Amino acid sequence: MCGRVLEADVTKFNNYASRIRRYHRDGDENVDISAYIHMLRVCGRSCLLPNLLYLETEVDDAPEVMFLMSPLLHYLSMRRKSTATSCSLFNSIQTLSPNLVSLRLENVAINDRCLSAIRTLSHLEKILIEQDEESTVDTIFLGLSAKTVLRRFEIHGPGLKIRFPQKFLEHEPVVFPALEYVEIGCDLGGMANVVKLLHNFKFPQLDTLILCLFTEEPLKLADARHWREFFDLLSNIATKHLRFLRLYDWAFHDHWDPLALSVSTLPKLENFALEGFELDGPFLRSIDQEDIERVIHMWPQLTKLSLICYRLPKIDFKALIDIALGLPLLCTLELSIDARDLPELEEIPLLSHGLKYIHLSRSSVKKPKNFAQCLDILFPHLKSWYFESNLENHNDKSWREAEEMLPILQRARRDEVRRKEGL
């Protein structure tokens, strides 16, 4: 537009913005968007930034955000700061930005109106919801069930409690035909409710499943039955596409009784060609050599393995040798071992394994420098490592010595290579 009308445009913009702010402050959800439309017509544009692809906004402070909603917008992040905020933007989201591919909502009320608006976005592939408020599963999961192109769904919030009303449990199984990645991190009320959840969903294209449970009550040994049901149901809700499985609990306490589970007895896991398997929490009763052998046999393509047990480990350095030989693609390893008895250096296979990160928790060591030598022979390409003892004081002297010795050994090997190359 020419400069002669620019000052008038700015004046009108400020007047309309002031009016809109007043409506938002007073809590009026039905804001008249004619002010926005008129302003854009004066400027001769469909929006102020017609080529905008990515937008992050705080809903409370930006009622003018509708001016920025480009038809080409692919990513939208909305964050709410105060509880008085409404989401009037959802009323027009399909008209303003019909090509949205990714949507992130932080503390935005997920009500029927919002879900209806989300369902109109025919290109939406990714949804991330972060909330601290209590909600119910039927208002979120069932509300998104019509999204046939949805590929990734995440919902997080330690204060978010998802419960299962009877109408949800009586609902016909819901199929998400394109969903590949599911991550749920909230209070689901125990594994019994997770089983109920899985009974009502099917994910034929599921690649990654991550469940983080914020459990407040001590886990009981009787819950092991529900965990076995969970692994049984995996073969029903997912197909052989499943590659990454992670289960962990952020609210557990060490004094809880571990469940009577072991990796070697978990059912139907061999149905999946997993590349990542992580169990971190009071789930496993123990980890022994049989568990390690079963993991290697079932998933030789693993790139990430985490088996955290909160009882004293029943495996020693031999388990690391077996892992190095049996899992050649492994990049990340988290494990608990008893490293007090070490093999002779000559007995350790000289490998060029590509493991980059190792975390040993609840582990014991007597000769930290010898341990570092053994580990360096087995995994010469380590970039990061962290060791914890099985005592309350995790920063014990022995493990710190091992951590300090590893970079010295690596430098010595590099220097030796340079000397040979210089000859």
Side-chain angles (χ1 to χ4, degrees), residues 102 125-130 137 140-142 144-145 147-158 160 162 164 168 173-215 219 223-224 226-252 259 261 263 266-284 294-295 298-299 301-308 330-332 334:
S102 181
E125 297 180 1
K126 302 176 183 179
I127 299 176
L128 168 59
I129 297 173
E130 295 182 291
V137 71
I140 296 178
F141 292 98
L142 293 184
L144 299 176
S145 60
K147 295 301 301 171
T148 57
V149 300
L150 189 64
R151 294 175 48 242
R152 185 182 182 107
F153 175 72
E154 297 180 55
I155 182 167
H156 303 280
L160 176 61
I162 296 183
F164 303 85
F168 168 76
V174 177
V175 179
F176 288 84
L179 202 57
E180 299 172 355
Y181 184 102
V182 176
E183 183 170 349
I184 302 174
C186 55
D187 181 1
L188 289 170
M191 184 48 67
N193 279 341
V194 175
V195 169
K196 293 178 183 177
L197 172 67
L198 297 187
H199 266 299
N200 287 272
F201 290 109
K202 291 185 180 297
F203 308 106
Q205 300 297 322
L206 190 63
D207 174 88
T208 300
L209 176 61
I210 300 175
L211 292 179
C212 174
L213 308 178
F214 292 87
T215 310
L219 293 172
D223 288 340
H226 298 302
W227 280 93
R228 291 192 179 92
E229 289 182 50
F230 167 79
F231 287 107
D232 275 331
L233 283 171
L234 275 182
S235 60
N236 295 326
I237 68 164
T239 65
K240 293 184 179 181
H241 293 286
L242 188 66
R243 293 293 179 266
F244 298 92
L245 176 62
R246 182 184 185 192
L247 306 173
Y248 63 113
D249 192 316
W250 278 355
F252 72 89
L259 303 178
L261 295 176
V263 175
L266 292 177
K268 298 189 177 181
L269 288 178
E270 66 275 6
N271 293 343
F272 306 107
L274 293 183
E275 297 174 17
F277 181 64
E278 300 176 68
L279 285 181
D280 187 354
F283 309 133
L284 299 177
R294 180 168 170 80
V295 166
M298 289 191 298
W299 309 309
Q301 304 299 313
L302 278 179
T303 61
K304 186 170 186 178
L305 174 63
S306 177
L307 294 176
I308 306 298
L330 199 66
C331 295
T332 300
E334 298 182 358

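Not measured: the values here are computed from a predicted model. In this chain, residues are counted from 1 in sequence order.
- In this structure the side chain of Thr332 never reaches within 4.5 angstrom of the side chain of Thr303, judged on heavy atoms.
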Next on the checklist: Assess the residue pair Leu234 and Phe203 against the criterion (side chain to side chain contact (heavy atoms under 4.5 Å, CB included)); give the C-alpha distance rounded to whole Å, side-chain angles, the decisive distance to 0.1 Å, and a yes or no.
Outcome noted: CA-CA 10 Å; Leu234 275 182; Phe203 308 106; over 6 Å; no
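- With contacts defined as side-chain heavy-atom distances shorter than 4.5 Å, the pair Phe244/Ile210 does not qualify.
- Taking Arg243 as the reference, Glu275 meet the salt bridge (charged side-chain N to carboxylate O under 4.0 Å, His left out) condition, with sequence neighbours excluded.
- Under the rule for a salt bridge (charged side-chain N to carboxylate O under 4.0 Å, His left out), Glu183 has no partner lying at least two apart in sequence or in another chain.
- Across all their heavy atoms, Leu302 and Gly276 have their closest contact at CD2-N, 3.5 Å.
- For the atom pair CD1 of Ile184 and CG of Leu209, the computed distance is 7.0 Å after rounding to the nearest 0.5 Å.
- Between the CG atom of Leu274 and the CE atom of Met298 there is a distance of 8.0 Å, given to the nearest 0.5 Å.
- Salt bridge Lys304/Glu278: present, at least one basic N to carboxylate O contact under 4.0 Å.
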Item to check | Pair Phe231-Leu247, side chain to side chain contact (heavy atoms under 4.5 Å, CB included): steps then yes or no | outcome: CA-CA 11 Å; Phe231 287 107; Leu247 306 173; 3.8 Å; yes
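- Closest of all the heavy-atom pairs between Gln205 and Pro177 is CG-O, 3.0 Å.
- Annotation: side chain of Asp207 is not in contact with side chain of Leu242 (no heavy-atom distance under 4.5 Å).
- Listed by chain and number, the residues in a ring pair (Phe, Tyr, Trp, His ring centres under 6.0 Å) with Phe277 are Trp299 (sequence neighbours excluded).
- To the nearest 0.5 Å, atom NE2 of residue His156 and atom CG of residue Leu128 are 5.5 Å apart.
- Considering only residues two or more places apart in sequence or on other chains, Lys126 meets the salt bridge (charged side-chain N to carboxylate O under 4.0 Å, His left out) condition with none of them.
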Next on the checklist: Using side chain to side chain contact (heavy atoms under 4.5 Å, CB included), reason through Leu305 and Val295 one step at a time and then give a plain yes or no.
Outcome noted: CA-CA 9 Å; Leu305 174 63; Val295 166; 4.1 Å; yes
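- Scanning for ring pair (Phe, Tyr, Trp, His ring centres under 6.0 Å) contacts around Phe153 gives Phe141, with sequence neighbours left out.
- Remark: Glu125 engages Arg151 in a salt bridge (charged side-chain N to carboxylate O under 4.0 Å, His left out) (not counting sequence neighbours).
- Summarising the geometry, atom CG belonging to Asp280 is positioned 5.0 Å from atom CD1 belonging to Ile308; distances are rounded to the nearest 0.5 Å.
- Atom-to-atom distance recorded for Gln301:CD and Leu330:CG is 11.5 Å, nearest 0.5 angstrom.
- Here CG of Leu279 is found 7.0 Å from CG of Leu245. Values are rounded to the nearest 0.5 Å.
- Residues Leu211 and Phe230 form a side-chain contact, since some pair of their non-hydrogen atoms from C-beta on lies under 4.5 Å apart.
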